[in-house]
2 protein chains.
Amino acid sequence: MDKQQTIECPVCPVEYTVNMVGGKYKLVILHKLAIHGVKRFNELRREFPNITQRTLTRQLRELESDGLISRQVYSEIPPKVEYSLSETGKSLYPILLQIENWGLNYIANNPK
Amino acid sequence: MDKQQTIECPVCPVEYTVNMVGGKYKLVILHKLAIHGVKRFNELRREFPNITQRTLTRQLRELESDGLISRQVYSEIPPKVEYSLSETGKSLYPILLQIENWGLNYIANNPK
DNA sequence: ATATGTAGTATCCTAAAGGATACCATTAAA
DNA sequence: TTTAATGGTATCCTTTAGGATACTACATAT
């Protein structure tokens, strides 16, 4: 039987989460996928006109390897690759919506 | 009377929020302040043993100029400066808690 | 007289993130 | 036959965030 031990969180859970969603585009990508469901690579590119292909690819790969999104490749020509939230990614849904709402509120109350 | 117009969000609210809380330590700082209330500068330093004084100062200044935290200076010697969430910062409370909870869950379900 | 604690600044440097550009294979359409 | 569209990679470069280190003023404690 395990000896009971004090829970000394080895890594702060907030820090942990931030490390996964803390890229310049990650939360925005996740939010788009949350809203629209499945998206192809070039659809995402068009959503973010300023992102470079290389950066988008990398952010997607990182999100994928962290288990937040799924990448579905179809063996077609021209290529077709679909991105969507994984189950874990979907668990971010409430956070994504709250972040959006908070932003809307902040913008509304801070006229510039 | 205003003409009704399509809401073409000039800046994505998610992006907007991310720009404000998207530093390496910002969300963690906000979370600490949310949990503990008022914190002095060196108390925060001790919470994050790895942060440099310069970086902590900058993150705090940015949070302050974005209106998320308040900085209370006492005219004493040695100096005493207290940081706490502003009203706007407090409106992040639910998000901060959800982020923490999400992290706890993720860690629990992804044994490593 | 020296050390300690406060809340910083100033200067310089490194590492990481992201941007720019060119290139690839394959097919279908013009 | 050139062009376009797909979903990328490969190289190189720039910008930025953050780290390292030294320094400050002032008062109190030793």
Side-chain angles (χ1 to χ4, degrees), chain A residues 11-12 14-33 36-66 68-84, chain B residues 11-12 14-33 36-66 68-84:
Chain A
V11 60
C12 166
V14 177
E15 217 174 311
Y16 203 85
T17 308
V18 167
N19 281 344
M20 276 193 291
V21 300
K24 182 171 175 184
Y25 298 94
K26 284 188 183 172
L27 279 169
V28 202
I29 291 171
L30 291 168
H31 181 257
K32 287 289 181 206
L33 293 179
H36 296 109
V38 170
K39 280 269 175 194
R40 295 180 62 175
F41 183 80
N42 273 359
E43 286 181 311
L44 286 170
R45 273 187 81 188
R46 281 180 227 111
E47 296 269 6
F48 315 111
N50 294 324
I51 200 174
T52 61
Q53 206 164 7
R54 178 183 172 280
T55 298
L56 178 57
T57 301
R58 260 198 19 215
Q59 303 268 303
L60 289 169
R61 290 285 188 283
E62 290 175 15
L63 288 170
E64 190 196 0
S65 79
D66 281 331
L68 298 180
I69 64 173
S70 308
R71 180 168 179 267
Q72 170 90 2
V73 182
Y74 295 86
S75 296
E76 303 176 3
I77 298 272
K80 176 175 173 184
V81 180
E82 284 180 347
Y83 293 93
S84 57
Chain B
V11 60
C12 166
V14 177
E15 214 174 312
Y16 203 87
T17 308
V18 167
N19 282 343
M20 277 194 291
V21 300
K24 182 171 176 185
Y25 298 95
K26 284 189 184 173
L27 280 170
V28 202
I29 291 171
L30 291 168
H31 182 257
K32 287 290 180 206
L33 293 180
H36 295 109
V38 170
K39 281 268 175 195
R40 294 181 64 174
F41 184 80
N42 273 0
E43 285 181 313
L44 287 170
R45 274 188 80 188
R46 281 180 227 112
E47 295 271 7
F48 316 110
N50 295 324
I51 201 174
T52 59
Q53 208 163 5
R54 178 184 172 278
T55 298
L56 178 56
T57 302
R58 259 199 17 217
Q59 304 266 303
L60 289 170
R61 291 285 188 282
E62 289 174 16
L63 289 170
E64 190 196 0
S65 78
D66 282 330
L68 298 180
I69 64 173
S70 309
R71 180 169 179 267
Q72 169 90 3
V73 183
Y74 296 86
S75 297
E76 302 177 2
I77 298 272
K80 176 176 174 183
V81 179
E82 284 180 347
Y83 293 91
S84 58

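The sequence lines fix the lettering, A, B, ..., with proteins before strands; numbering per chain opens at 1.
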Tell me whether the OP1 or OP2 atom of [N] has a side-chain N or O from [X] closer than 4.0 Å.
X       : N      : answer
B/Thr52 : D/dG18 : no
A/Arg46 : D/dT6  : yes
B/Lys80 : C/dG5  : no
A/Thr55 : C/dG19 : yes
A/Arg58 : D/dG7  : no
B/Arg71 : C/dG8  : yes
B/Arg54 : D/dA20 : no
B/Gln53 : D/dA22 : no

Which atoms form the tightest heavy-atom contact between A/Leu63 and A/Met20, and what is the distance?
CD2-O, 4.2 Å
The side chain of [X] lies closest to which of these nucleotides: [options]?
X       : options               : answer
B/Ile77 : D/dT9, C/dA7, D/dC26  : D/dC26
A/Arg40 : D/dG7, D/dG18, C/dG18 : D/dG7
B/Lys24 : C/dT6, D/dG19, C/dG18 : D/dG19
B/Phe41 : D/dG8, C/dG8, D/dG18  : C/dG8

Can you measure [X] atom [atom1] to [N] atom [atom2] for me and round it to whole angstrom units?
X       : N      : atom1 : atom2 : value
B/Leu60 : D/dA17 : CG    : C1'   : 16 Å
B/Arg45 : D/dG19 : CZ    : C1'   : 13 Å
B/Asn50 : D/dA17 : CG    : C1'   : 16 Å
A/Asn42 : D/dA4  : CG    : P     : 15 Å
B/Lys26 : D/dG18 : NZ    : C1'   : 12 Å
B/Arg61 : C/dT9  : CZ    : C1'   : 10 Å
B/Leu56 : C/dA10 : CG    : P     : 17 Å
B/Glu62 : D/dT16 : CD    : C1'   : 11 Å

Any side-chain heavy atom of [X] sitting closer than 4.5 Å to one from [Y]?
X       : Y       : answer
A/Arg71 : A/Leu60 : no
A/His36 : A/Glu47 : yes
A/Phe41 : A/Leu56 : yes

Just to be sure I understand the rule, does [X] reach a base, reach only the sugar-phosphate, or reach nothing, if contact means heavy atoms closer than 4.0 Å?
X       : value
B/Tyr83 : sugar-phosphate
A/Glu82 : nothing
A/Gln59 : sugar-phosphate

Given side-chain contact (heavy atoms from CB on, under 4.5 Å), test B/Phe48 with B/Asn50 step by step and report yes or no.
CA-CA 5 Å; B/Phe48 316 110; B/Asn50 295 324; over 6 Å; no
Could you check B/Leu68 against B/Val21 for side-chain contact (heavy atoms from CB on, under 4.5 Å), going step by step and ending with a plain yes or no?
CA-CA 9 Å; B/Leu68 298 180; B/Val21 300; 4.1 Å; yes
Taking the nucleotide of DNA chain C with the nearest heavy atom to each, does A/Tyr25 or A/Pro78 sit closer to the 5' end?
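The residue mapped nearer the 5' terminus is A/Tyr25.
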